[in-house]
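Some notes on the structure that comes next.
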Amino acid sequence: PVVAPSESRVVYQPPSYGIVRSRDGGRRWEQIHGSMPTKCPFAFAIDPVDPFVLFCGDDEWVKVSRDGGVTWTPAARAPQPDAEIAALAIDPSDRNTILAGTSDGRTFKTTTGGATWFYATDGPVAGAIDHLQFVGESGDILFARQGSSILRSLDGGDHWQVLPSASEDNPFGVFAVDPFSTSTVYWGTRDGVMVTTDFGEHWARRRLGITRAMASVALHEGTSTTLHA
């Protein structure tokens, strides 16, 4: 599930077909029967200001809903996309700036809320960019997952750096950024949870108490940080 940044009671289940939404923090759910089947379980983003403005990416580029998933319209296409959208991220400091990662390792960007797109950059390693997340509120720092590599951008996605990992045979999965310390990132791997406190320059493995091979992580945002693995 994805929580709306501006209203924590509004939660969406990224769709396979159609939208499932809660307006009360997940206590009750409703199926939104939209104007078109929307298949984007991975590339799904919510506007940081309006909880009912949604963006969805698939093999037909990006679609936009401005009524909580009831109706969808295609966004303008980027020049020569030729690839399925695998990840979307919205700049927390500018709701009109959206980054899209593709299945062939490229990134595209819009600064007009999807009205126009331009080619941003190739990924530094081969493989789909299938997870994108801004860190902090400035819109400058991004993390991404590309295959078994962790990527970081310090300029809003214009340039990327491959960060060191514990080992090449220890691919990274889901990651979460600490809301109270944005330099701290938790990343679930096949060998426990990896933790960095310096925006990804150095990582340490934490697996005490984790008895299964693969770890997935999620943060509960309250008055202090609670991490679930």
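Scope of the values below: all heavy atoms of this structure, side chains included, with no hydrogens, waters or symmetry mates. Owing to the predicted nature of the structure, the values given are computational and were not obtained by experimental measurement. Here, residue 1 is the first one in the sequence, and each next residue gets the next number.
Looking at Thr112 and Asn96, their side chains never come closer than 4.5 Å, going by heavy atoms from C-beta outward. Contact of the Arg206 side chain with the Tyr186 side chain is not registered, since no non-hydrogen atoms from C-beta on lie closer than 4.5 Å. At least one side-chain heavy atom of Thr111 sits under 4.5 Å from a side-chain heavy atom of Phe118.
Partner of Trp61 under the ring-ring contact (aromatic ring centres under 6.0 Å, His included) criterion, chosen from Trp72, Phe108, Phe55: Phe108.
Here the closest non-hydrogen pair linking Ser93 and Ser138 is OG-O, 3.1 Å. Residues Ala89 and Leu142 come closest through the heavy atom pair CB-CD2, 4.5 Å. Nearest heavy-atom pair, Gly127 versus Gln146, reported as atom, atom and distance to 0.1 Å: O-NE2, 2.7 Å. The shortest heavy-atom contact between Gly114 and Thr110 is N-OG1, 3.0 Å. The two residues His202 and Thr196 make their nearest non-hydrogen contact at O-OG1, 2.8 Å. When all heavy atoms of Leu54 and Gly68 are compared, the closest pair comes out as CD1-C, 3.7 Å.
If you take CZ on Arg21 and CD on Gln31, they are separated by 11.0 Å, rounding to the nearest 0.5 Å. Remark: Trp117 CH2 to Leu99 CG distance equals 8.0 Å, nearest 0.5 Å. In this structure, Leu88 CG and Cys56 SG are separated by 7.5 Å, a value rounded to the nearest 0.5 Å. To the nearest 0.5 Å, atoms OG1 (Thr97) and CD1 (Ile90) are separated by 10.0 Å. With rounding to the nearest 0.5 angstrom, the OG1 atom of Thr102 is 11.0 Å from the CG atom of Asp130. In this structure, CD on Glu30 lies 5.5 Å from CZ on Arg23, to the nearest 0.5 angstrom.
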I'd like to know whether Ile150 forms a side-chain contact (heavy atoms from CB on, under 4.5 Å) with Val162, so could you lay out the CA-CA distance, the side-chain angles of the two residues, the decisive distance to 0.1 Å, and finally the verdict. CA-CA 6 Å; Ile150 312 163; Val162 180; over 6 Å; no
CA sep, side-chain torsions, deciding dist, call: Ser6, Val49, side-chain contact (heavy atoms from CB on, under 4.5 Å): CA-CA 5 Å; Ser6 61; Val49 176; 5.6 Å; no
One pair to check against side-chain contact (heavy atoms from CB on, under 4.5 Å): Phe52 and Val70. What are the steps and the verdict? CA-CA 10 Å; Phe52 299 105; Val70 177; over 6 Å; no
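Judged by distance alone, with hydrogens and angles left aside, the side-chain atoms of Ser22 form no donor-acceptor pair with the main-chain N or O of Trp29 at under 3.5 Å. The backbone N or O of His159 lies less than 3.5 Å from a partner atom in the side chain of Ser153, making a donor-acceptor pair. A distance-only check finds a donor-acceptor pair linking the side chain of Ser65 to the backbone of Thr71 [under 3.5 Å].
One finds no salt bridge joining Arg66 and Asp47 here, because no Lys/Arg side-chain nitrogen approaches an Asp/Glu carboxylate oxygen to under 4.0 Å.
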